[in-house]
Structure formats: C-alpha cells, structure tokens
Amino acid sequence: MLVHIDGPWSPLLGRLALSEIPYNNPILVGTFVFAALLAVILVGLVTYLGLWRTIWRDWLTSVDHKKIGIMYILIGLVMLFRGFMDAVMMRAQQAMADGPHSAGYMDSPHGYLTPYHFDQIYTAHGTIMILFAATPLLVGIMNILVPLQIGARDMAYPYLNAVSLWLTAAGAALVMASLFIGDFAHAGWFGIVPVMELPYSPGVGVDYWMWAFQLSSIGTTLGGINLLATIVKMRAPGMTWGRLPIFTWASLSANLISLSTFPVLSVALALLALDRYLGTHFYTAGLGGNLMLYNDLFWIWGHPEVYFVILPAFGMISEIIPTFSEKPLFGYLGMVLASLGIAGVSWGVWLHHFFTMAASPAVNAFFSITTMAVGIPTGVKVFNWAFTMFRGRLRFELPMMWASAALFYLLVGGLTGMMNAFTTNDYMVHNSVFVVAHFHMMLLLIVYAIFGGVNYWFPKVFGFRLEQRFGKIFFWLFTAGTAVVFIPMFTLGFMGMTRRLAYVAFPQWRPLLDIEVVGIVIYLLSAVFLVAQLYVSFRDRAQNRAGLDAWETSRSLEWMTHSPVPFYNFAVTPEVHARDERAWRVEHGVDTVRPERYEDIHMPRNTAIPLWLGALSFGLAFGLVWRMWWLTEVCGLAIFALIVIRSFDRDTDYTIPAADIERMERAIRDVPSGRPVVAGVRGAVPAFRQGV
Amino acid sequence: MTHTTDNAWEHPEVQLAGGGYIVAFVVGLALMGLSLWMVRGHVFAPTGLAVAISALAAVAAFVQCVLLLHMTVSRTQVWQTVALVLFIPLFVITIGLTSWMFHGLYRRTMMMPATHVARPATPTRPRGA
C-alpha cells in the first residue's frame, strides 16, 4: 500500500533521526539561537509579569472575532519577518555568487548558500509571504472589521473562526519547524512538477510544504464560509445590500473566491499526497499520469488566490481614501460591481501561468484576452479613487500616505501585468526576474494597503493612535527600499536574468545586483523604524487616546462604537439609516446620542477545543511528514474524538444581562471628539452628500 | 448572534432527512463500487467505459442532490438550489477550459505509445515491512 522509501526508518521516530537536525549549518544554528533566545525572553517576560492566566483566558481560548483577528495579524507579522529574512539571504547570495571568479564560503561553490539551500529559501519565501503572511494579515483584518462594519456581535460561527485560526497557526508552525528539523521543499512555492514528486524529492521537504499548505488551505476555506455567512446573515437592521460598507463588499467578493477555489487546492495537494505516500500516478510523466494536471489544478486555485488577497486590500484603500478626502466614496455601485467583476474574472485567467507550456494558440489567445479584461474593473476602481480625491479636502496622514502610494504600485504592477498578458511578450519574459518584479509590485500594493489599514484601524482596536513621525520615516524608507530593489530587478529581467539563480553567470549584472542589496539594507533599516513607531506609540498611549472616531472624518459603522471596541461590539445593535451611517449621524447631529435602554446580549463562550484541534493537526501533519504512523494515528483519532465530544457540549453561550451592559457602558469614558484643524481649514462635519 | 436552537433534531435539514441520508450513502457506495469494478475489469472498450462511468457519476450526483442536499424550490431549501445554479458557470469554466487546453496539449506533447499508458502500476512494498 505505502510507497517504499530507501533509508532508515524506525517505528518510533519514522524517518526522523539525529542526522536530520542541521546542527552543522552555522546559518541555521544562528537562527535557532536567535529564535530560542527570543522564546526564552518572551516566556520569561510573560512569567515575570504574571500574564499566563490572561493569555490563556483572554487570548488562546478566545472566540472573540477581534482577538482572533489580532492573533491572525500577529502570525502574519512573524511570518512576514521570516519571509523578509529569506529575501535578505537571497539578495546577498545573488550579489556574492556572480561570475565564475566569485568566492564560495561554507561548502558552497559560489556565495555562501549551496544551491540546494538556496532553492529551499526561495520556496519558503514564496510559500510564507503568500500563505502565511499576506493571507493571515488580510483574514485577520477582515475578521476584526467585517462584524463591526455590519453591526454584528461576532462572526456567524465564532467556534469555527477559532478553529480556522489554529489550523493556520499549525501550518505556520510546521513551516517554522522545518527550519530546525529536516529541511523544506526546494521545488518552488507552487511546486514545480515533477520535481516535487517522490523520485526527485525523496526528502521530507516537499512533505512539510505540502501539509503546511494543506492546513492553511483548510483553515482559509472554513474562514471563507464563516465570513460569507456573517455578511449574508448577520447584518444589523437597516443594513441593506446598498448600504453595505465597501470593505465588507470587498471581503464578500474575496471570500466568494476563497470558498470556491481553496477546495481545488486541497484536492490538488491531496492527489500529490497520494502520489508521494501511496504511489499513485496522478502527476507523474508516465503510467497514465500527467504533469500538466498539477499545473492546471494548482493555478485554478493559484490565480484566484491573488485576487483573494488583493480584493481586501482594494477594500481598505476604498475606506481610507474617502475618510482623508472628507468626501463620500465616488461611484459606490461601480466599486461594488468592479469587486464582484474581479472575483468573476479571476476564475477565467489561470492558464496565463503556463502560456509557454504548449497550449494551443487559440487557448493562449483566450486567456490573454481574459487576463487583459481584469484591467477593466481594476481601472474602474482607480478612477473612482481618483474622483474621490478630486476636489476633496485631502489630509496626508499616515493611512492616507500608505493608501495613495499603493495606487502607484497598482499602476506599475498593473501595466507590467498587461505586458505579461500578451502571450508574445510572455514568451520573452517568462521565467525571468521581470515577472518576479511584476508580482512583487502587486504584493507590495497589498502590503501598503495593509500598513495603511493597520494605521487606520489601530485606534479602533486598541484605543490609541499610532505615532506618526517614526511612522512616516518608516513609510519613506520602505518606499525607497522598494524602488532601489525593484527598479534594478525590472532592468535585470529585460536583460534576460532568469528566476531562482543560486549562481549568476554574468559579471556585468553585478552592479544592478549590488544596488538591490543596497535596497534590501534600506528595507532592513525601515524595519527598525517600524519597531520604533510601535514602541513609541505604546509608550505614549495615554496621550494618543482616540475617541469613537479616531480620524474625525470617518464614515462607516465601526466608528460608532467605543475605541477600543468592547467585547460585545455595540451596546445596542445599531439601526442603519444610510450607506455612510457615521457620516449620516454626524450630519444629523445624532452621533453622540446614548441609547435609552439596554437589552440582554447573547454571546459565545470561550473554549480551548480549537486550540487543541490546531495542536493535534500539527501533530498529525508532523507525523505524516516524518512517516511516524503512531503519531498520525493518535492525533487523527484525538481530533475525531474531540469533534464528537464538542458536539455534545450544550454550554457554548451565555447572556450578559442588560443591567451589566448599562454599568459597563457608563464606566467607559470616551475621549471627546476634537475636530482636527489642517492648514487653517477646520475638518468639521464630514460631507455626507455628494458634491460638497 | 442570532440563535435558534441547540437541539439538532429541530433543524429543518435534519427533520427533512428521514432515512434519506442512509439510502444516499448506500446508493453512493454501490455506484462507486460499480464504476471501480467496471474500470478495473475493463468491462467495455475505453470509449464505452468513459460513457458508462460518466452516466454512473451523473446518477450519483443526482442522488446526492436530491437525498443529501434536498434541492427543492421550497422556502427552506431554495438557497441550496440557488447555490447549485451559481456553481454551474464555475463548473463550465474550470472543467470546460481545462478540457479545451488538454485537447490541444495532447496532440502537441503527449504522444505516447498505447502500451505505455495501459501498463499496470508497479507493485510497491509496504513501509517498514
């Protein structure tokens, strides 16, 4: 039944042995020491401050959508740092390993990384940045905001929400474990077929990649179901589809994509698992298998996935720009249709990832046209943002800086994307670093939107604004780093440099590669200022307390509750009267009205079961990776048993009496609203109607 | 949080089910077993086999739609039916365009001798044995 693998295997440890621990690799030992020190410091600090009980009760076992969102964002930030360090290593390697006379260090013929190690690094970089950084960051933001924007108490399925979080965490933990136990895949983040098949990758790397991917895929599918159900069923009274905040529309379109495509990824990876474990031949070259089947299935998920990550980013930009233009969003209906249009078109473009893989000219032409068609709804969005800013009272505070800079990335990334959409062009630049630079522009657009969104909604979640001076230095250094890394990368792409080179054969490319290193150093420097910004913000949090509406000109429902948001979100479920409810209430002078009476609130109860499910999924996947069958069986059975036991639990919810709500509400002292004065203009009442 | 009931028996899906779930499970198992037997035994020529197992798959899909998903236009169940209707374009796009791509691809790249394709998989030894 099972495929035979050469090499040692024991019933207790499976393929795991002491020789699988890379204690002789100085880079990994250094990383391990760093990670271990960090862990010791964190554990020590938490113990010293006596926070274990708080962390367990208020965070790890929480089903509160805001806390789950924050934990998603923390996972995303940690993985963003890991992925960034991979990028630093790749830049350093390519600059060092240029030309036949370049020196080699640490058993490497050129540079300091052996090709096998370098291959693992770019695979890890891609996998981490897309699945364990961008996706958790955006899912976290959607988790926090969507229930607030539609006036709900929590997600439709709070328990399922926690399960999704811990499955994603298990996947991220698996990627991290591969650093110190065994190795990671070397077959590219999307799995270069047939390299990721067992005969070509007999190690555990591909298994790590495959199961981490699978866990995150299942977690995101469940999260998608949850967000869709929340948006469809949990809207406050009066919140018709025409009044839905634009970020919620973007989340709706994004999760339509995730619900319909992540299952395809799960199937594609499950078939690969059958190939690698049971010896089937879905993706082999012979015996009835087909390499292209994998490419096809993977990218049926893979391309919609990039729209899954970009739509929430567009949604955030669409919320930030009106607030700092002090105007309603231009073309709401167009924006909604464009979001749904992008979600729809996303299904019909995946084949442009293999234009050069022998599809017939008619097929390529079809997918070329559909790919260009993506530009239409995206263009609609850009014009809507531009018209929103047109004749607005623009305030370039940090969120607005990130959001407006994101538009430049959309321009560069979009236009180079159009270039790639032409099959003829694609034949020239396929597999070159031009393509790499193109999709980094698009992903940086997402990063910019995320930083904008984090700066924008931070006061809503934590009750104080982020500091702006260090924040602006971070912004400018990050932007400079981007330019200095990616302009040479576009140039190298045109000069013919291919992707994934552990050794660069042309010394004449050296200057441009060196400039890229300068850029990555600027990025590193910018990260210092990000840390400084966070530290100063936290230190001065008392001065930076924010009121209900931190920016004074915000428009949507989430700005009507306290900052930080109480665990029950809204004391009384709000009645929605207009598309921009907060702006409507400010204009009608009812934004500070307190409710006359309170009602009981029905809330979900915390549970540790999702955390256990995540931990057991990690054990299950770890057992599968190392072929420790006892561990797999124990964890699998325990997961099944826990799900059954949980289904008999009747004590999953509780009610907060109205009197308690009233007491808690009276205890909250909101910072009074002080309308900001910018350039002599008092940013007073946000314009509600158009044409102001 | 809108809340109806903790009692699973009161959900409309459960009340509608009756013995349907068991029947659907048994029928589904039988149909899969039948198609597996047909493929393993090569009971028809390749084209006939493809047609036969496609027909069985259609029957299985129908059984699942009716007995498991209760796709009717009644007020409680119409959303299931709507979900299926929305799924049809996705099905047409992915399966249709994929077939179109492979149709051209096979003629270009996958010219294999028939014996190569038909040869059974090499037997594998169990792990740890």
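Residue numbers start from 1 in every chain, and the chains themselves are labelled A, B, ... in the order their sequence lines are given, proteins ahead of strands.
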Run the ring-ring contact (aromatic ring centres under 6.0 Å, His included) test on A:Phe298 and A:Trp350 for me, step by step, so that the C-alpha distance in whole Å, both residues' side-chain angles and the decisive distance to 0.1 Å come before the verdict.
CA-CA 9 Å; A:Phe298 185 89; A:Trp350 80 91; over 10 Å; no
Is the shortest side-chain N to carboxylate O distance from A:Asp154 to A:Lys66 below 4.0 Å?
no
Taking side-chain contact (heavy atoms from CB on, under 4.5 Å) as the definition, give me every residue that meets it alongside A:Ser346, ordered by chain and number, with sequence neighbours left out.
A:Ile257, A:Pro304, A:Tyr307
Taking atom types as modelled, is there a side-chain donor on A:Asn290 or A:His281 under 3.5 Å from an acceptor on the other?
no
Apply side-chain hydrogen bond (donor to acceptor under 3.5 Å, both in side chains) to residues A:Thr371 and A:His352 and explain how you reach the verdict.
CA-CA 8 Å; A:Thr371 306; A:His352 67 218; 2.8 Å; yes
Residues of residues 84-98 of chain B with a heavy atom under 4.5 Å from any heavy atom of chain A, in residue-number order, are B:Leu90, B:Ile93, B:Thr94, B:Leu97, B:Thr98
Cut-off 4.5 Å, heavy atoms of chain B, and the answer for A:Pro147 is neither
Name the member of A:Ala358, A:Ala362, A:Ala359, A:Pro361 that forms the most heavy-atom pairs with chain B at distances under 4.5 Å.
A:Ala358
Value rounded to 0.5 Å, distance of CD1 in A:Ile656 from CZ in A:Phe567:
4.0 Å
Taking side chain as C-beta onward, heavy atoms only, is A:Pro194 less than 4.5 Å from A:Thr284?
no
